Amino acid sequence: MLSGETANGNFPDRAVSIMAAICANAEVGTNYYQVFDFIRNFTEKPMSTREAVLGCAAKNVLDVNAGLVVVVSNTGIPALLVAKYRPRVPILLVTSVPSVARAMAPVYGVVPYLVSSLPSSRSVVQFEVLMEKALLHSIESKLLSPGKEVIVVHGVVQPEADGIPMVTIKVAPGMAKPYLHHVTEKTLSLRTTAISLKDVMVYRVPPRKTKVICTLGPSCWSEEGLGKLLDMGMNIARFNFSHGTHTDHQQVLDRLRSVAMGKGVSIATLLDTKGPEVRTALVRGGKNIELVAGQEVVLVAVGDKYTEWEGYKDETTGETKIGISYAKLCQSVKPGNRILIADGTLSIEVLEILSDTELRGKALNPKSLGPRKNCNLPGVHVDIPVLTPKDVEDLQQFGAKNRMDFVAASFVQSAKDVQFIRSVLDEVPGGKKIKIISKIENEAGLINYDGILAESDGIMVARGDLAMEIPSWKVALAQKMLITKANIAGKFVITATQMLESMVSAPLPTRAEMTDVANAVFDGTDAVMLSGETANGKFPDRAVKTMAAIVANAENGNAYVSMQAFIRDHSSRPFSTLEAIGVTSVGALTDCNAQLIVTLTQSGAAARMVSKYRPSVPQVVVTADEVVGRQASAVFGQYAFVVGGGQTDLEVVEGGVESLVEAAIAFARKKGLWSGEGVGIVIHGAEGVSADFAPMMRVVDLGLEEGGGEGSSLLSRSSLPRSFSLEA
């Protein structure tokens, strides 16, 4: 529902258009076969004869690939029952009752077709005429394609289906397009929830498993501000190298590590590269260029001279030139392409390529354009290296030198880009251990995603720039696809941009923002990111606390068994020994109602295989490597327990497996990761300590392992009624 957007907003019609586009595109990504089966399976049996028949009408849409359902009714009830099963095509309700037609306005898929009266019988010729008119109306309204099969629901004797309904199949007038069977690869994602009234009403939730990343900036980089972010649940600190100098960032980094040490916590750090941005040049005399809709402009590819070249508008002749920093602009675009400037607030259509450095375009909307505004070229492969000289210096002279944990690489377009970033990091001391997060924020990144995913350590769904490269209403589809593929590959994934944007200036987010964050958790994200909310916002610590509360509560609604089965069923086989232990341990966790997982790992590989299968309880990652411990901050459910006192080899840490497991369980109890009751899953080496090479799994009584006397018997949790939901 739109509220202030249409009641008081500046763009009410545009708001409606965008809302409609978002809904229509989301429907494209729905797996209607699974939705139908899910609703039918969970409907109480035996169902009424009427519902049985009308449910079959919805199923017939899938069976014959029908283009429309027509329901004849003066009560609207048959249309409601068909709509219950979510057919993927419109439901045309033919009725002579205006109030019934109006009542269908909020119902999924139902489009009313109001007639003056219905025929007296289904067998008279007037009924066939009515059906013909209804189908022609549907074709004219673009609800139905000519020649497509149509499912018609009517009565056995009377035309209305309000008594005993009957289903027939007709063919729409006109010539159908030849049916060509195209095999289109789709990423099937399964989002399941299992929610009880207690989950909604009780405020206490289990320990949070989804991680929170905070962008540092003026609002939070004091010692007090950083301390508050740590207290509220920040797991990773993001340093945005689009702004600031090395000296500025160094001061904040030193301050952060000092505060963290004082609090006895470990904090991971992420360097986000500026990347190969395309920007406009300067403007003559510092005066904005005033553009009007329909005005022709000349874009000049000035390359590196954009910091000195000045654009202008001649007030006498109207001649307008705008400099662009992308030197290969005229070789990359073609007539018909659009160039988006200043976060898309100015759109220019390319009309003609004038030379190697100039093109003629048309402004599609008015804009007062200032200097050095960002540019996006949707659908165009931008021929710029993924790392600029500045980025290379940032990575080698700051990131590696300061032993940062992650680099988020901007505008990654191919697997070769990731390989190049890896080579740049590997050249310098401290670079080899830095994990690469590829930001997917352009069309090339989407097209080449499988290769990028294979080469990357993690993925960031960078929704801001992505919404400039593809229609913004398709970003939700992209997000679901990117997260699902990362889950199946066992790579951690971060969802970013405008998650709690309103908290830049308000103490509470909008309900839509809260739902957006929760849906990212349901989609399978490992981490969520705050940008301006913590960097420049008025309530940075409150934003972190709110984000942590939202994701923790969302996790409580996940149907983990279904998620685990889905990831297992779609993972490539045969499994490695390590992955086999990972999936088995998570299955055993469910079977014996375990309360904790303890994984002993040198490199973090064993722990990542466990996290891939989304355990419903925290996983304590026992390692001697501080870097591995910090990098656990990006992965779902992992809590690092670093041992060894400076010794980096887990195999030679004093005490052996039993001592480390006991210490890890005590650590988990102190952190509040388990309640002190029940059993746990322990994964370690069959011969050595680390589970990374020859893993084994066992179940232990947590109370006994902790040294807590007699321990506790395993008591099954009381069975609570839960409402399951499925989105596929």
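Quick caveat: nothing in here was measured; it's all calculated off a predicted structure.
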> Please name the pair of heavy atoms, one in Pro618 and one in Lys209, separated by the smallest distance, quoted to 0.1 Å.
N-CD, 4.4 Å
> Strictly distance-based, threshold 3.5 Å: is any side-chain N or O of Arg573 a donor or acceptor partner for the main-chain N or O of Ser571?
yes
> Check whether Asp523 reaches the backbone of Thr525 with its side chain - one donor and one acceptor, N or O, closer than 3.5 Å.
no
> Taking Thr215's backbone N and O only, do any of them form a donor-acceptor pair with Thr534's side chain (distance below 3.5 Å, no angle check)?
yes
> Return yes if some donor-acceptor pair links the side-chain N/O of Gln595 with the main-chain N/O of Asn593 below 3.5 Å, else return no.
yes
> Rounded to the nearest 0.5 Å, how far does CD1 of Ile440 lie from OH of Tyr449?
6.5 Å
> Before you tell me yes or no, could you show the steps for Lys439 and Phe411 under side chain to side chain contact (heavy atoms under 4.5 Å, CB included), namely the whole-Å CA-CA distance, both residues' side-chain angles and the distance that decides it to 0.1 Å?
CA-CA 6 Å; Lys439 296 168 67 175; Phe411 300 103; over 6 Å; no
> Find out whether Met499 and Asp516 are in side-chain contact, i.e. whether some heavy atom of one side chain is under 4.5 Å from a heavy atom of the other.
yes
> May I have all residue pairs that pass salt bridge (charged side-chain N to carboxylate O under 4.0 Å, His left out) and include part of residues 577-587, sequence neighbours excluded?
Glu579-Lys612
> With heavy-atom distances below 4.5 Å as the criterion, would you say the side chains of Glu27 and Tyr32 are in contact?
yes
> Can you give me the closest heavy-atom contact between Met404 and Phe239, atom names plus distance?
CE-CD1, 3.6 Å
> Are any non-hydrogen side-chain atoms of Gln564 and Val583 less than 4.5 angstrom apart?
no
> State whether the side chain of Arg208 and the backbone N or O of Gly233 hold a donor-acceptor pair below 3.5 Å, judged by distance alone.
yes
> Is it true that, when you exclude Lys84 itself, more than 12 heavy atoms of the residues, nucleotides or ligands shown sit nearer than 6.0 Å to its NZ?
yes
> Just so I know, are the side chains of Phe522 and Met563 near enough to count as touching, which here means a heavy-atom distance under 4.5 Å?
no
> Ignoring hydrogens and angles, tell me if any N or O in the side chain of Glu687 forms a donor-acceptor pair with the backbone of Ala694 under 3.5 Å.
no
> Supply the atom-to-atom distance Ile483 CD1 to Asp526 CG, rounded to the nearest 0.5 angstrom.
9.0 Å
> So which pairs with a foot in residues 568-597 pass ring pair (Phe, Tyr, Trp, His ring centres under 6.0 Å), sequence neighbours left out?
Phe566-His570
> Between Leu578 and Ala691, what is the shortest heavy-atom contact and its length?
CD1-O, 3.2 Å
> Does Lys670 have more than 12 heavy atoms from other residues, nucleotides or ligands lying within 6.0 Å of its NZ?
no
> Does any part of the side chain of Lys211, heavy atoms only, come nearer than 4.5 Å to the side chain of Phe492, both counted from C-beta?
no
> Do Asn235 side-chain atoms and Val212 backbone N/O form a donor-acceptor pair below 3.5 Å?
yes
> What are the two closest heavy atoms between Pro695 and Ile581, and how far apart are they?
CG-CG1, 3.6 Å
> For Lys485 and Asp450, run side chain to side chain contact (heavy atoms under 4.5 Å, CB included): C-alpha distance rounded to whole Å, both residues' side-chain angles, the deciding distance at 0.1 Å, then the answer.
CA-CA 8 Å; Lys485 286 191 171 187; Asp450 290 347; 2.9 Å; yes
> Excluding sequence neighbours, so at least two apart, what forms side-chain contact (heavy atoms from CB on, under 4.5 Å) with Val628?
Thr623, Asp625
> Yes or no on salt bridge (charged side-chain N to carboxylate O under 4.0 Å, His left out) for Glu533 and Arg238, after CA distance, side-chain angles and deciding distance?
CA-CA 12 Å; Glu533 301 94 330; Arg238 172 180 176 248; over 6 Å; no
> For Thr484 and Asn487, which I'm curious about, is there any donor-acceptor pair between the side chains at under 3.5 Å?
no
> How about Glu626: does its CD atom have over 12 heavy atoms from other parts shown lying under 6.0 Å from it?
no
> Considering non-hydrogen atoms only, spot the tightest contact between Ser603 and Arg608 and give its length.
O-NH1, 3.6 Å
> Heavy-atom distance under 4.5 Å between the side chains of Ile434 and Ile436, does that happen here?
no
> Rounded to the nearest 0.5 Å, what's the gap from CG on Leu482 to CZ on Arg463? Could you check?
11.5 Å
> Once ring pair (Phe, Tyr, Trp, His ring centres under 6.0 Å) is applied, what residue pairs with a partner in residues 681-703 remain, sequence neighbours excluded?
none
> Give a yes or no answer on whether the side chain of Lys491 reaches the backbone of Leu453 with a donor-acceptor pair at less than 3.5 Å.
yes
> Within the distance-only criterion (no hydrogens, no angle test), does the side chain of Gln498 pair as donor or acceptor with the backbone N or O of Ser531 below 3.5 angstrom?
no
> Got Val598 and Val700 here, is their nearest side-chain heavy-atom distance under 4.5 Å?
no
> CG of Leu446 to CD of Gln413: how many Å apart, nearest 0.5 Å?
11.0 Å
> Evaluate Leu62 against Arg88 for side chain to side chain contact (heavy atoms under 4.5 Å, CB included), listing each step before the verdict.
CA-CA 8 Å; Leu62 302 173; Arg88 67 183 177 195; 4.2 Å; yes
> Looking at Val620, Leu673, Ile681, which hits side-chain contact (heavy atoms from CB on, under 4.5 Å) with Ile597?
Ile681
> Set out, in order, the CA-CA distance, both residues' side-chain angles and the distance that settles side chain to side chain contact (heavy atoms under 4.5 Å, CB included) for Val689 and Val653, then state yes or no.
CA-CA 9 Å; Val689 176; Val653 172; over 6 Å; no
> Going by the side chain to side chain donor-acceptor pair (under 3.5 Å) test, which pairs reach into residues 627-644, not counting sequence neighbours?
Asp405-Arg630, Ser611-Gln638
> Enter the distance from Asn558:CG to Thr210:OG1 here, rounded to the nearest 0.5 Å.
8.0 Å
> Under 30°, 30 to 60°, or over 60°: which ring-plane class applies to Phe641 and Phe667, parallel, tilted or perpendicular?
parallel
> What are the two closest heavy atoms between Ala640 and Ala632, and how far apart are they?
CB-CB, 4.2 Å
> Run the side chain to side chain donor-acceptor pair (under 3.5 Å) check on Ser423 and Asp426 step by step: do they pass?
CA-CA 5 Å; Ser423 68; Asp426 290 350; over 6 Å; no
> Could you tell me whether the side chain of Met547 reaches within less than 4.5 Å of the side chain of Val517, counting heavy atoms only?
yes
> Do any N or O atoms from the side chain of Ser690 and from the backbone of Gln602 form a donor-acceptor pair under 3.5 angstrom?
yes
> Measuring from Asp417:CG to Ser410:OG, what's the distance to the nearest 0.5 Å?
11.5 Å
> For Ile447, which residues count as a side-chain contact (heavy atoms from CB on, under 4.5 Å) partner, sequence neighbours excluded?
Glu443
